[in-house]
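To start, the structure under review is shown below, and the notes come after it.
This is a predicted model, so every value here is computed, not measured.
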Amino acid sequence: MPEGHTLHRIARRQQKLFGGQRVAVSSPQGRFAEGAALVDGWEFHRAQAWGKHLIQGYRDGRRSQLVHVHLGLYGSFTELPVPMGEPVGQVRMRIEGAEVGTDLRGPTACELYTPADLDDLVARLGPDPLRRDGDPERMWRAIHRSRRPIAALLMDQKVIAGVGNVYRAEVLFRARLDPQRPGTAIDHETLTALWADLVSLMRIGVRRGRIHVVAPEDDHGPGSYAPDRPRTYVYRRTGEPCRICGTPIAQTELEGRNLYWCPSCQQ
DNA sequence: GCAAAATGTCAAG
DNA sequence: TTGACCTTTTGCA
């Protein structure tokens with residue numbers, strides 16, 4: 001489930017679990033063997049998220065080392081009490097603290113980073129709604145001069161960092177914006193409100209560990225008797241009735257990703 | 001038992 | 001624009 005909220009939640013969690021502790025680091029699968037060997041036994045100093053990227057900082061006396069993790073589509077961290085037992089499946093990195101350890105599976109990236117690498121990463125990312133220094137004006141400047149559809153711009157990590165396919169679809173629905181509308185055709189006020197909505201939605205995502213964007217007053221209709229309350233308006237609801245107007249939710253492919261929207265509410 | 005899909009990114013053409 | 005890649009889970013035989 002890796003959009004930005006997942007990574008910020010993981011950073012927070014790892015900071016709490018391991019921050020200031022010496023940790024055992026290994027790569028049971030072997031594909032991060034050299035990196036793991038380098039920081040094994042060092043102090044886990046700090047974990048931070050930038051968009052969908054996780055940066056861990058390790059220290060040992062005067063030495064320090066960064067590790068960069070990107071979960072890609074299906075990467076995940078899981079936790080187990082120590083002793084963790086034999087790894088199950090393909091575990092790229094295992095971090096063991098005093099009481100709890102975590103296993104990393106399926107990441108796109110798990111690699112050593114230099115401070116310069118981190119600078120480059122931050123420089124190529126747009127503002128992150130989950131960071132205090134996230135600046136909506138930077139997003140505005142990138143969007144209002146681009147003719148690309150707003151749905152494509154929101155997925156572009158150079159424009160705004162941390163938004164993925166679910167938040168993209170949902171925030172456009174909540175703003176009642178046509179996903180195909182060009183960036184140039186959206187005014188400053190609309191984008192400022194969209195940013196503010198993302199900030200509050202993604203914070204909820206961090207807190208709950210899952211994406212939940214349906215307002216209580218919209219929580220009715222065909223889905224209301226489902227065991228779980230509905231959490232999304234449009235994402236993966238192709239053909240199902242819009243929670244507001246009943247029109248079937250539409251789906252198309254945009255730049256290789258599935259896009260969902262309500263053709264009636266979002267014009 | 002196997003294919004397909006998934007909340008992502010990058011490089012090749 | 002397309003394909004490759006990382007891994008697990010789901011659905012269909």
Side-chain angles (χ1 to χ4, degrees), chain A residues 1-11 27-33 35-36 49-55 67-80 86-94 102-113 117-118 120-126 128-130 148-149 151-174 179 197-198 201-214 228 230-239 249 251-261:
Chain A
M1 321 160 188
E3 296 196 21
H5 68 297
T6 305
L7 278 298
H8 281 264
R9 184 179 171 89
I10 288 167
S27 179
Q29 173 206 54
R31 293 187 50 189
F32 184 55
W50 296 86
K52 299 170 189 168
H53 302 258
L54 176 70
I55 304 293
V67 171
H68 168 244
V69 175
H70 194 290
L71 295 179
L73 257 186
Y74 15 73
S76 66
F77 283 99
T78 56
E79 285 177 20
L80 286 170
E86 281 303 297
V88 176
Q90 299 290 307
V91 175
R92 183 79 59 91
M93 173 169 62
R94 169 170 279 193
T102 187
D103 281 337
L104 169 63
R105 292 185 188 79
T108 291
C110 174
E111 59 195 350
L112 298 177
Y113 242 32
D117 290 332
L118 179 54
D120 290 349
L121 172 69
V122 172
R124 66 168 198 267
L125 290 176
D128 179 347
L130 286 172
R148 294 172 68 202
L153 289 163
L154 288 178
M155 291 281 280
D156 184 339
Q157 302 299 298
K158 293 191 292 290
V159 172
I160 177 170
V163 174
N165 207 2
V166 183
Y167 280 121
R168 174 267 289 268
E170 297 295 326
V171 80
L172 287 174
F173 176 85
R174 286 167 56 101
D197 200 31
L198 275 173
L201 292 177
M202 292 178 78
R203 281 182 183 165
I204 292 170
V206 175
R207 224 177 297 134
R208 299 194 186 176
R210 69 198 319 181
I211 296 175
H212 189 145
V213 307
V214 176
D228 285 303
R231 292 192 301 274
T232 58
Y233 288 101
V234 292
Y235 179 72
R236 291 241 263 166
R237 294 193 65 239
T238 312
I249 298 303
Q251 175 192 355
T252 187
E253 198 161 289
L254 178 68
E255 297 189 357
R257 306 300 301 280
N258 287 322
L259 171 67
Y260 307 86
W261 81 104

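Just one residue in the list A/Y233, A/Y167, A/W261 forms a ring-ring contact (aromatic ring centres under 6.0 Å, His included) with A/F173, and that residue is A/Y233.
Using a 4.5 Å heavy-atom threshold, the side chains of A/I55 and A/L121 count as touching. Counting heavy atoms from C-beta on, the side chains of A/R174 and A/V213 come closer than 4.5 Å. For the pair A/L71/A/I10, a side-chain contact is recorded, criterion being any heavy-atom separation below 4.5 Å from C-beta on.
Shown here are the side-chain contact (heavy atoms from CB on, under 4.5 Å) partners of A/P149, two or more places apart in sequence or in another chain: A/A152, A/Q180, A/L254. When the side-chain contact (heavy atoms from CB on, under 4.5 Å) test is applied to A/R31, the partners found at least two apart in sequence or on another chain are A/Q29, A/R92. Scanning for ring-ring contact (aromatic ring centres under 6.0 Å, His included) contacts around A/H70 gives A/H53, with sequence neighbours left out. For A/F32, there are no ring-ring contact (aromatic ring centres under 6.0 Å, His included) partners two or more places apart in sequence or in a different chain. Residues passing the salt bridge (charged side-chain N to carboxylate O under 4.0 Å, His left out) test with A/R94 are A/D103, sequence neighbours excluded. Taking the salt bridge (charged side-chain N to carboxylate O under 4.0 Å, His left out) definition, one finds that A/E111 meets it with nothing, sequence neighbours left out. In this view, A/V122 and A/W50, A/L118 satisfy the side-chain contact (heavy atoms from CB on, under 4.5 Å) rule, not counting sequence neighbours.
When heavy atoms are screened at a 4.0 angstrom cut-off, A/E170 is found touching no nucleic acid atom at all. The residue A/E255 sits apart from the nucleic acid: no heavy atom pair falls under 4.0 Å.
Judged by distance alone, the side chains of A/R105 and A/T78 do bring a donor and an acceptor atom under 3.5 Å apart.
Taking only side-chain nitrogens and oxygens, A/H70 never comes nearer than 4.0 Å to OP1 or OP2 of B/dG8. Close to B/dT7, at under 4.0 Å from its OP1 or OP2, lies no side-chain N or O of A/K52.
Comparing B/dT7 with C/dT1, their C1' atoms are spaced 22 Å from each other, to the whole Å.
Classified by interplanar angle (parallel below 30°, tilted 30° to 60°, perpendicular above 60°), the ring pair A/Y260/A/Y235 is perpendicular.
Of the residues in residues 86-94 of chain A, not one comes within less than 4.0 Å of DNA chain B through any heavy atom. Contacts between residues 103-113 of chain A and DNA chain B, counted as heavy-atom distances below 4.0 Å, involve A/T108.
For the pair A/L254 CG and B/dG8 P, the computed distance is 13 Å after rounding to whole Å. One can place CG of A/L259 at 13 Å from P of B/dG8, the figure rounded to the nearest angstrom. The distance from atom CE of A/M155 to atom P of C/dT1 is 15 Å, rounded to the nearest whole Å. Atom P of nucleotide C/dC5 and atom CZ of A/R31 are separated by 10 Å, given to the nearest angstrom. If you take CD1 of A/I160 and P of B/dG8, they are 13 Å apart, rounded to a whole angstrom.
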Distances under 3.5 Å only, N/O to N/O: pair up the protein atoms with those of nucleotides 1-6 of chain B.
from, atom 1, to, atom 2, distance (Å)
B/dA6, O3', A/Y235, OH, 3.2

Set out, line by line, the N/O atom pairs under 3.5 Å between protein and nucleotides 10-13 of chain B.
none

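Residue pairs meeting the side-chain hydrogen bond (donor to acceptor under 3.5 Å, both in side chains) criterion with at least one member in residues 154-163 of chain A, sequence neighbours excluded, are A/R148-A/D156.
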